[in-house]
Amino acid sequence: SSCDPALRPIIRRRARSLPTSPERRRAVHCQLPECQSRMNRVRFADALGLELTEVKVFQTGEDPSIPLHVLSRLSINSDLWYSNSDLEFTMQCLVPDFQQPADCIDFSSRLQEQQVCLERVTSSDLGLSGTIQVRNVAFEKRVSVRYTFDQWQSLHEVCARWHHSIPEKNGQDQADVFTFFLPVPPFLLQLCSLVQFAARYQVNGQEYWDNNRGRNYTLTCRTHPLKMPRECQESWIHFI
């Protein structure tokens, strides 16, 4: 105990703030209704006959500068206001070149044969998200997705996450559902650009693949037309 350092008291310092005027202190401590009304009253200098702090005089031909994004919103708003038809525009997105496996009649047989099978995939402006089913061969398992943007000259791989289990039904073994997300940079969303991927399943020292019967799962960037009803255009303006 003789080696313990000597204890020193902790000194607490109060924070110091800027001094306030006597009028401000009286206003803070005054809680009467008439004091509260006087505190919330606002007066302007020109209303009291006083000079303004600064006066800006615009010369002839000197227009105030308006930001470009404000002008663009005003133009879009005016076009939609005088338009009597639905708003039509196109956007680029990745469209699957295959039928969603979960909608195929042979989905169960493919899962039993391959041990792993893509269920479905959806695209957004951020990337691709989807679900994969695997047979519950063992508790320890690893599911991943290998994908490429340049016809497999370079490749990337992301791990899928367990989502839920499907119990045994109609003689089918228990299956696990995994979810995945493939980030797609916006500059790759060009017309006719491709994204290809395949699902990988590792369990009990074995490796299984679902590569769409050797063709890989491919999505192509295409233009997708969108129509917006007249009654929704005003809310769309507020959104953008």
Side-chain angles (χ1 to χ4, degrees), residues 90-228 239:
T90 59
M91 63 178 300
Q92 297 179 1
C93 60
L94 292 171
V95 180
D97 296 336
F98 54 90
Q99 185 181 3
Q100 298 288 353
D103 299 333
C104 300
I105 58 177
D106 62 341
F107 176 77
S108 299
S109 60
R110 290 179 59 179
L111 179 61
Q112 296 296 321
E113 176 187 353
Q114 303 174 162
Q115 309 295 322
V116 54
C117 189
L118 174 71
E119 194 174 51
R120 62 181 63 254
V121 62
T122 57
S123 62
S124 65
D125 55 348
L126 299 178
L128 303 176
S129 57
T131 54
I132 300 173
Q133 283 195 26
V134 298
R135 294 185 61 188
N136 188 20
V137 178
F139 179 78
E140 295 291 338
K141 58 179 66 74
R142 185 178 186 270
V143 181
S144 59
V145 176
R146 184 172 293 182
Y147 63 101
T148 180
F149 300 119
D150 52 10
Q151 301 285 343
W152 300 107
Q153 297 181 16
S154 63
L155 54 89
H156 313 272
E157 189 165 348
V158 296
C159 293
R161 296 184 177 181
W162 181 88
H163 189 266
H164 66 277
S165 298
I166 301 177
E168 299 180 4
K169 184 178 180 181
N170 298 330
Q172 302 292 338
D173 297 335
Q174 181 181 358
D176 290 332
V177 178
F178 285 74
T179 61
F180 66 91
F181 176 76
L182 308 182
V184 179
F187 62 85
L188 292 177
L189 291 179
Q190 301 176 0
L191 290 180
C192 299
S193 61
L194 302 178
V195 177
Q196 298 174 297
F197 70 91
R200 183 185 184 188
Y201 179 34
Q202 297 171 291
V203 61
N204 283 345
Q206 300 293 325
E207 185 176 88
Y208 305 95
W209 287 87
D210 176 22
N211 56 5
N212 194 20
R213 305 290 189 184
R215 298 185 299 268
N216 293 321
Y217 291 102
T218 305
L219 294 93
T220 306
C221 184
R222 308 179 190 275
T223 56
H224 184 68
L226 294 177
K227 290 185 178 181
M228 182 175 299
F239 174 74

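When side chains are defined from C-beta on, F98 counts as touching L219, because their heavy atoms get closer than 4.5 Å. Under the 4.5 Å side-chain criterion, counting only non-hydrogen atoms from C-beta, Y201 is not in contact with Q114. Using a 4.5 Å heavy-atom threshold, the side chains of Q133 and F107 count as touching. When side chains are defined from C-beta on, E113 does not count as touching Y208, because their heavy atoms never get closer than 4.5 Å. Taking 4.5 Å as the limit, some side-chain heavy atom of C93 sits within range of a side-chain heavy atom of V95. Between D103 and R120, the closest side-chain pair of non-hydrogen atoms falls below 4.5 Å.
The nearest pair of heavy atoms linking T148 to S154 is OG1-O, 2.6 Å. In terms of heavy-atom proximity, Y147 sits nearest to P183 at OH-CD, 3.9 Å. Shortest non-hydrogen contact noted between T131 and L118 is O-CD1, 3.4 Å. Here the shortest heavy-atom pairing between D106 and R213 reads OD2-NH2, 4.1 Å. Of all heavy-atom pairs between P185 and F149, the closest is CD-CZ, 4.2 Å. Nearest heavy-atom pair across L111 and C117 is CD1-N, 4.0 Å.
Crowding of H156 atom NE2: a count of heavy atoms from other residues, nucleotides or ligands under 6.0 Å exceeding 12.
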### Task
Check step by step if side-chain contact (heavy atoms from CB on, under 4.5 Å) holds for V145 and I132.
CA-CA 9 Å; V145 176; I132 300 173; 3.7 Å; yes
### Task
Would you please test R135 and V203 for side-chain contact (heavy atoms from CB on, under 4.5 Å) and show each step?
CA-CA 10 Å; R135 294 185 61 188; V203 61; over 6 Å; no
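Note that the CG atom of N204 and the CD atom of Q115 stand 10.0 Å from one another [nearest 0.5 Å]. In this structure, Q196 CD and N211 CG are separated by 11.0 Å, a value rounded to the nearest 0.5 Å. Distance check: L94 CG to T122 OG1 gives 11.0 Å after rounding to the nearest 0.5 Å. Rounding to the nearest 0.5 Å places CG of L194 at 11.5 Å from CH2 of W152. Here T179 contributes atom OG1 and R161 contributes atom CZ; the two are 7.5 Å apart, rounded to the nearest 0.5 Å.
Sorted by first and then second residue, the salt bridge (Lys or Arg N to Asp or Glu O under 4.0 Å) pairs with a member in residues 177-204 read E157-R200, R200-E207; sequence neighbours excluded.
Formation of a donor-acceptor pair under 3.5 Å by the E119 side chain with backbone atoms of G130 is not found in this model. Proximity of a side-chain donor or acceptor of S129 to a complementary backbone N or O of F181 within less than 3.5 Å is not detected.
With D176 as reference, K141 is the one residue of H164, H163, K141 to meet the side-chain hydrogen bond (donor to acceptor under 3.5 Å, both in side chains) rule.
Every residue two or more places apart in sequence or in another chain that forms a salt bridge (charged side-chain N to carboxylate O under 4.0 Å, His left out) with D97 is listed here: R222.
Relative ring orientation between Y217 and F197 is described as parallel, the plane-to-plane angle staying below 30° on a 0-90° scale split at 30° and 60°.
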